[in-house]
**Q** 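The structure under discussion is supplied below as structure tokens; questions concerning it will follow.
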Amino acid sequence: MGMVERARAAVLVEPRRIEIEEIAVPETGADDGILKVEATGVCGSDIPYYTGEIQGGMGRMPIILGHEIVGRVDRIGNEAAEKWNLREGDRIIVEEHIPCGHCDLCYGGLHKMCIKRRYGSMSTDVSPTLWGGYADAIYLDPNAVIYKADPKVPAELVTLFIPISNGIYWVQQVAGAGIGSTVVIIGPGQHGIGCCIAAREAGARNIVLVGLSNDRERLDLGLQFGATHALESDKENVVEIVRELTGGRMADCVIDVTPGASEPLAMALDLAKVRGTIVQAGFKHFKPLTNFLSDKMFMKELTFKGVWGRSTESVPIALRLIESGKLPLEKLCTHKFDVQDTGRALEAANRENGEHSMHVSVIPGIS
Ligand SMILES: [Zn+2]
Ligand SMILES: [Zn+2]
């Protein structure tokens, strides 16, 4: 029998209005369990749901957001313990997708694209309510995808498995960066940093992190995580600098991690080399692209790839990197809030407020 009986949860009831509710932790059976949340990272994709820019469908209110979850197994049934190879007290991370296991995507090995049910995007109307990380506990669904994590690492550092595993997938596995590559990364937030880490691990020669002049602090931080150059696109001619760096060949791959903005993808067309790869890794909030001259793709035989989240293979690699202690990850953890201050956490992560946040996490019980 676990310890948690009631969980505080930050329920988004309407745009920008969060109510802290006490929810009875549900009964569990042989094949499921309860996770006591240690930390949940705030994802940029939470913001448009929080502000109401995107409504309905996935993210329908009332909802407990939060899908970058690390915690301790509080209660677990016999079958679940055997299936997941877990015991009460073990630390795990929980993936956001809860794959059904039986659709075409799941049969094809694309479990992460099976998105009918996901943590942090299902309404509290759906039983048993505790589907979001901004709470003291979440329900461990029988189909949850979990990975064990080292309990010695501070929990908020473990939630960085998301930007780091995403970076590994985008830069190495999708864009194919390797020894000697020139990688341009647009967007100096936590995902940009994750891409810098991945590019350095891959052996890339030039790792160019691009932001705006008001991102200077974050750009400088990127230099500590592998970036060889950190450029301000509103002040510097990024295309010309990359041309010089590469002797005119341009970048092997360009990774755009910026949310909302379409200009970076237009610039990527000029930054990529002939037969180079552009990866759209930033969520554009369903806005159409402007100034995107697709003929440049045509004439340079570019490859344009979309990516959503990470690959299964990239997650353990990211966890081992975090556990190695070789990265100064604590420098990325700029903001921490208790569950009751989840609204403040989301406001802090909202770049439109001009906050200089990098990684924001909600940590139950932190004062
Ligand atoms: Zn996310
Ligand atoms: Zn499925």
Side-chain angles (χ1 to χ4, degrees), residues 10 12 37 39-51 53-54 57-59 63-71 93-122 126 131-135 138 141-147 156 158-170 174 187 189-195 198 255-260 279-286 306-312 314-315 318-319 322 332-333 335 342 345-346 348-351 357-362:
L12 182 68
V37 175
T40 297
V42 176
C43 176
S45 73
D46 291 339
I47 306 301
Y49 291 100
Y50 171 66
T51 60
E53 189 182 336
I54 300 174
M58 277 194 308
I63 186 172
I64 308 165
L65 295 169
H67 57 263
E68 305 186 349
I69 304 166
V70 54
I93 56 173
V94 182
E95 268 289 13
E96 58 189 278
H97 54 279
I98 306 173
C100 74
H102 298 284
C103 67
D104 286 349
L105 291 166
C106 286
Y107 280 172
L110 285 171
H111 297 83
K112 70 162 187 170
M113 307 303 279
C114 178
I115 54 163
K116 284 161 284 194
R117 301 194 315 137
R118 291 168 70 216
Y119 285 106
S121 73
M122 275 195 290
V126 180
W131 296 112
Y134 303 141
I138 64 163
D141 186 272
N143 283 2
V145 177
I146 64 99
Y147 301 83
E156 70 268 26
V158 179
T159 63
L160 288 164
F161 83 91
I162 299 262
I164 298 174
S165 61
N166 285 348
I168 290 165
Y169 175 57
W170 304 343
V174 174
Q190 57 172 338
H191 275 101
I193 303 278
C195 289
I255 320 289
D256 173 25
V257 305
T258 59
V279 176
Q280 181 188 338
F283 177 38
K284 304 301 182 188
H285 304 181
F286 297 116
V307 287
W308 190 26
R310 61 220 137 267
S311 61
T312 306
S314 63
V315 176
L319 285 171
I322 291 167
L332 301 181
C333 298
H335 295 68
T342 297
L346 289 158
N350 187 355
R351 294 284 294 159
S357 61
M358 179 61 81
H359 182 68
V360 180
S361 41
V362 171

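Positions are given from 1 along the sequence. Start at 1 and go down the list; that is how both ligands and their atoms are numbered.
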**Q** Quick one: the SG of Cys100, the Zn ion (ligand 2), SG of Cys103 angle, rounded to 10°, please.
**A**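 Value, to the nearest 10 degrees: 110°.
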
**Q** Quick check: does Cys106 put an N/O/S atom under 2.8 Å from the Zn ion (ligand 2)?
**A**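 Coordinating: yes.
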
**Q** Nearest heavy-atom pair of Ile54 and Tyr49: which atoms, and what distance?
**A**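 Smallest heavy-atom distance, with atoms named: CG2-CE2, 3.7 Å.
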
**Q** Please determine whether salt bridge (charged side-chain N to carboxylate O under 4.0 Å, His left out) holds for the pair Asp256 and Lys284, giving the CA-CA distance in whole Å, both sets of side-chain angles, and the decisive distance to 0.1 Å.
**A** CA-CA 11 Å; Asp256 173 25; Lys284 304 301 182 188; 2.7 Å; yes

**Q** Does the plane of the ring in His102 sit parallel, tilted or perpendicular to the ring in Tyr107? Use 30° and 60° as the thresholds.
**A**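 Ring orientation, 0 to 90° scale: perpendicular.
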
**Q** With a 4.0 Å cut-off on N to O distance, would you call Arg310 and Glu95 a salt bridge?
**A**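 Salt bridge flag = yes for Glu95 with Arg310.
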
**Q** Tell me whether His111 has at least one N, O or S atom under 2.8 Å from the Zn ion (ligand 2).
**A**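 No, His111 does not qualify, because none of its backbone or side-chain N, O or S atoms lies under 2.8 Å.
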
